[in-house]
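One structure is given below, encoded as structure tokens.
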Amino acid sequence: MKKYDRRDFLKLAGLGGVVFASGLTRMAGAADRVAGQGGSYDDFYFVQLSDTHWGFEGPPNPDAKVTLKKAVAAVNGLAEQPDFVVFTGDLTHTTDDPKERRKRMAEFRDIVADLKVKNVHFMPGEHDASLDKGEAYQEFFGKTHYTFDHKGVHFIVLDNVSDPAANIGEAQLQWLAADLAQLPADANIVVFTHRPLFDLYPQWDWATRDGAKAIELLMPYPNVTVFYGHIHQEHHHMTRHIPHHAAKSLIFPLPAPGSQPKRAPLPWDAAHPYKGLGFRSVEAEVKKDEYVITELPVQKG
Amino acid sequence: MNSNIRAAVIAVAFFIGLGAGVAQVAAQPAEPVVKITAKKFDYTPNQITLKKGVPVVLEFTTADVVMGFSVPELGARTDIIPGKVVRLRIVPDKTGTFTFFCDIFCGSGHEDMTGTITVVE
């Protein structure tokens, strides 16, 4: 496995973009123990895509039928492919028709099957799962909360959308507590979820009702980073030592929290198609518990 | 309609306010009630004007699915359950215009299901 430094990573990302470094420099050691590799570790990078809302139609994105396909092509066009791709929810746009919901999920699944990278992780957003408690989602994409390990990092996928009231729920919180209890105190932990776990802007429903309980469980661990979606824009926030990074959408951008009376989509800019949309590459510098985030456009120009 | 509702609510609040003053000899003066109907995907009324410091009971009904009512800036929320009358007593403690919204995902128009409470002196 090639090891990257930040300069290499910017080159391999190929499309340019805005870079954001996140994390805390700490004593080395935990990554090696979690990985079980006895003193060796590999940096790696993954790609986060979010809020693709397949099935959406409307003026905020007149190009909605091809935006996801262009994003898949953009990921496939990266000079070096990521270790994995993660979609942080709202894969499909909601519909009140269960049959149409499944049709959209099948179409989404078929489109993203064209990704060169076959290691792809999914989670639902409220548009996918809140009307049927995740039933259709699970038929297509499996569990709504789970963990996986990759090269010294423990990834936790939390579901804060299958409950339409935006609760994680006591059962899942107990599952989270049990999972964390197995980890060394200085484990590298990344949480993927859809909604913000903290109260970003409750007036626009940009919160998880019991998210504070999840943060409380994570707080004893010094090396935790959260990546999420839902708010259709880049956003960075700290809850004490835990950074939370929101990703852009791939359908339409939403306004900054509280910047206008309603959270209506920002209008499509015909002079700058895809403005405000994009995805991100995240380089994990495992030994430093540092994540270098590069925001990438759907298309150049 | 909205201005009429606003005026009506103020009038009710004013009337009850007078009533409360008179009713210091009475046991429990009735508090003003604002009836709110929730349906996919709006509230009726969706613009409500209240008076600061005057208790009011918001009375919700819905014939649809479970919905929510949340106005974080006034520290108030409730579930709205089909087949039930749900009452939420609030005492606005600040003036301003505050957004309320459905915080239980209820369908394709959920994100547009909002309204405002304006609190005046």
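Basis for what follows: all heavy atoms, side chains included, without hydrogens, waters or symmetry-related copies. In what follows, every chain begins at residue 1, and chains take the letters A, B, ... in the order their sequences are listed.
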Quiz prompt | Per-residue contacts, residues 77-97 of chain B versus chain A, heavy atoms under 4.5 Å | solution =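 Within residues 77-97 of chain B, the residues that come under 4.5 Å of chain A (heavy atoms only) are B:Arg77, B:Asp79.
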Self-check item: Inter-chain contacts: residues 106-115 of chain B against chain A, heavy atoms under 4.5 Å
Solution: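 Answer by number: B:Cys106, B:Gly107, B:Ser108, B:His110, B:Glu111, B:Thr114.
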Would you find more than 12 non-hydrogen atoms of other residues, nucleotides or ligands less than 6.0 Å from [X] atom [atom1]?
| X | atom1 | value |
| --- | --- | --- |
| A:Lys275 | NZ | no |
| A:Glu57 | CD | no |
| A:Lys70 | NZ | yes |
| A:Glu216 | CD | no |

Exercise. Using a heavy-atom cutoff of under 4.5 Å, enumerate the residues of residues 126-135 of chain A that contact chain B, numbered in order, or state 'none'.
Key: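 If one takes a 4.5 Å heavy-atom cut-off, the residues of residues 126-135 of chain A near chain B are A:Glu126, A:His127, A:Ser130, A:Leu131.
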Quiz item: With A:Pro164, which of B:Asp103, B:Ile104, B:Val65 fulfils side-chain contact (heavy atoms from CB on, under 4.5 Å)?
Solution: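 That would be B:Ile104.
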Quiz item: Which value, rounded to the nearest 0.5 Å, describes the distance between A:Arg263 atom CZ and B:Phe101 atom CZ?
Solution: 7.0 Å
Quiz prompt | Atom pair SG/CG of B:Cys102 and A:Asp205 - distance to nearest 0.5 Å | solution =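 If we round to the nearest 0.5 Å, B:Cys102:SG and A:Asp205:CG are 8.0 Å apart.
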Exercise. For the pair B:Thr99 and A:Trp204, evaluate side chain to side chain contact (heavy atoms under 4.5 Å, CB included) and give the outcome as yes or no after the intermediate values.
Key: CA-CA 9 Å; B:Thr99 298; A:Trp204 285 359; 5.6 Å; no
Practice problem: Determine which pairs satisfy salt bridge (charged side-chain N to carboxylate O under 4.0 Å, His left out) with at least one residue from residues 161-170 of chain A, sequence neighbours left out, and list them in order. | Solution: A:Glu170-A:Lys213
